[in-house]
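Step one of this worksheet: look at the structure below.
Excluded from the calculations below are hydrogen atoms, water molecules and symmetry mates; all remaining heavy atoms, backbone and side chain alike, are included.
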Amino acid sequence: MTGWHRQRFSRTARESSVKLPALGLVCPFPLVEAKETMAKLNKGDCLEIEFDCTQATEAIPAWAAEEGYEVTNYEQIDDAKWTITVMKQTSKCGQETKFM
């Protein structure tokens, strides 16, 4: 991982929210960077990804669902620009702990 990558995301005013600017990155790099950034976050933190790769409009939500992350916001900003906010959950969906 290069030094520029570590600087591509920055914390916003809220400690539990991170912005990942992925504009101009071709697929699969918005998803690759989202995965790497999410791995660094704590459970309950949110990752806001801004991207313009049309393939990521399906790949990022599918990845979030597979990982059990909650999509808290997903919107198209203009003809070829989207933003999605994904929250890192405390556990994957459907994997509840049952006590006897």
Side-chain angles (χ1 to χ4, degrees):
M1 182 182 315
T2 60
W4 69 267
H5 179 279
R6 284 186 218 102
Q7 296 173 355
R8 287 191 55 79
F9 69 91
S10 60
R11 293 223 179 248
T12 60
R14 250 182 48 193
E15 252 325 280
S16 63
S17 183
V18 173
K19 284 191 173 217
L20 176 64
L23 295 173
L25 297 180
V26 295
C27 287
F29 294 105
L31 178 58
V32 169
E33 292 211 8
K35 287 179 179 182
E36 290 176 0
T37 303
M38 188 64 93
K40 298 174 187 177
L41 300 181
N42 296 317
K43 293 174 181 166
D45 286 351
C46 291
L47 177 62
E48 181 183 341
I49 310 157
E50 190 173 274
F51 61 97
D52 55 4
C53 173
T54 56
Q55 294 168 333
T57 61
E58 292 182 19
I60 293 174
W63 157 74
E66 284 176 17
E67 293 299 319
Y69 301 147
E70 179 182 351
V71 174
T72 60
N73 182 52
Y74 186 30
E75 60 184 295
Q76 186 168 355
I77 298 170
D78 63 28
D79 289 342
K81 187 175 165 184
W82 296 266
T83 183
I84 187 169
T85 304
V86 181
M87 184 171 70
K88 191 169 188 175
Q89 297 291 328
T90 55
S91 63
K92 287 191 176 187
C93 295
Q95 293 184 351
E96 297 179 17
T97 304
K98 294 183 180 182
F99 296 97
M100 299 179 98

(request) Output yes when a side-chain donor or acceptor of Y69 lies under 3.5 Å from a complementary backbone atom of W63, and no otherwise. (result) no
(message) I need the E70 CD to Q89 CD distance, nearest 0.5 Å.
(response) 5.0 Å
(message) Nearest 0.5 angstrom please: C46 SG to I84 CD1, how far?
(response) 11.5 Å
(request) Just do the side-chain contact (heavy atoms from CB on, under 4.5 Å) check on D45 and V18 with the steps written out, would you? (result) CA-CA 8 Å; D45 286 351; V18 173; 5.8 Å; no
(request) Look up atom NZ in K19 and atom CD1 in I49, then write down how far apart they are to the nearest 0.5 Å. (result) 12.5 Å
(request) Nearest 0.5 Å please: distance from the NZ atom of K35 over to the CG atom of L47. (result) 13.0 Å
(request) Is it possible for you to say whether I60 and V71 belong to one hydrophobic cluster, with membership spreading through side-chain heavy-atom contacts below 4.5 Å? (result) yes
(message) Any heavy-atom pair between the side chains of E48 and T83 that's under 4.5 Å?
(response) yes
(message) I need the minimum non-hydrogen distance between D52 and A80, along with the two atoms involved.
(response) CB-O, 3.0 Å
(request) Locate the shortest heavy-atom distance separating L20 from P30; write the atom from each residue and the value. (result) CD2-O, 4.4 Å
(message) What's the separation between atom CG in L31 and atom CD in E58, rounded to the nearest 0.5 Å?
(response) 12.5 Å
(request) Kindly state each residue pair satisfying ring pair (Phe, Tyr, Trp, His ring centres under 6.0 Å) with at least one member in residues 26-56, sequence neighbours excluded. (result) F51-W82
(message) K81: which residues meet the salt bridge (charged side-chain N to carboxylate O under 4.0 Å, His left out) condition with it, sequence neighbours left out?
(response) E50
(request) Specify the closest pair of heavy atoms between Q55 and C27, including all atoms of both residues, with the distance to one decimal. (result) OE1-CB, 3.0 Å
(message) Please check: side-chain N/O of T57 versus main-chain N/O of T54, any donor-acceptor pairing under 3.5 Å?
(response) yes
(message) Surrounding CD of Q76 (heavy atoms of other residues, nucleotides or ligands, distance under 6.0 Å), is the total greater than 12?
(response) yes
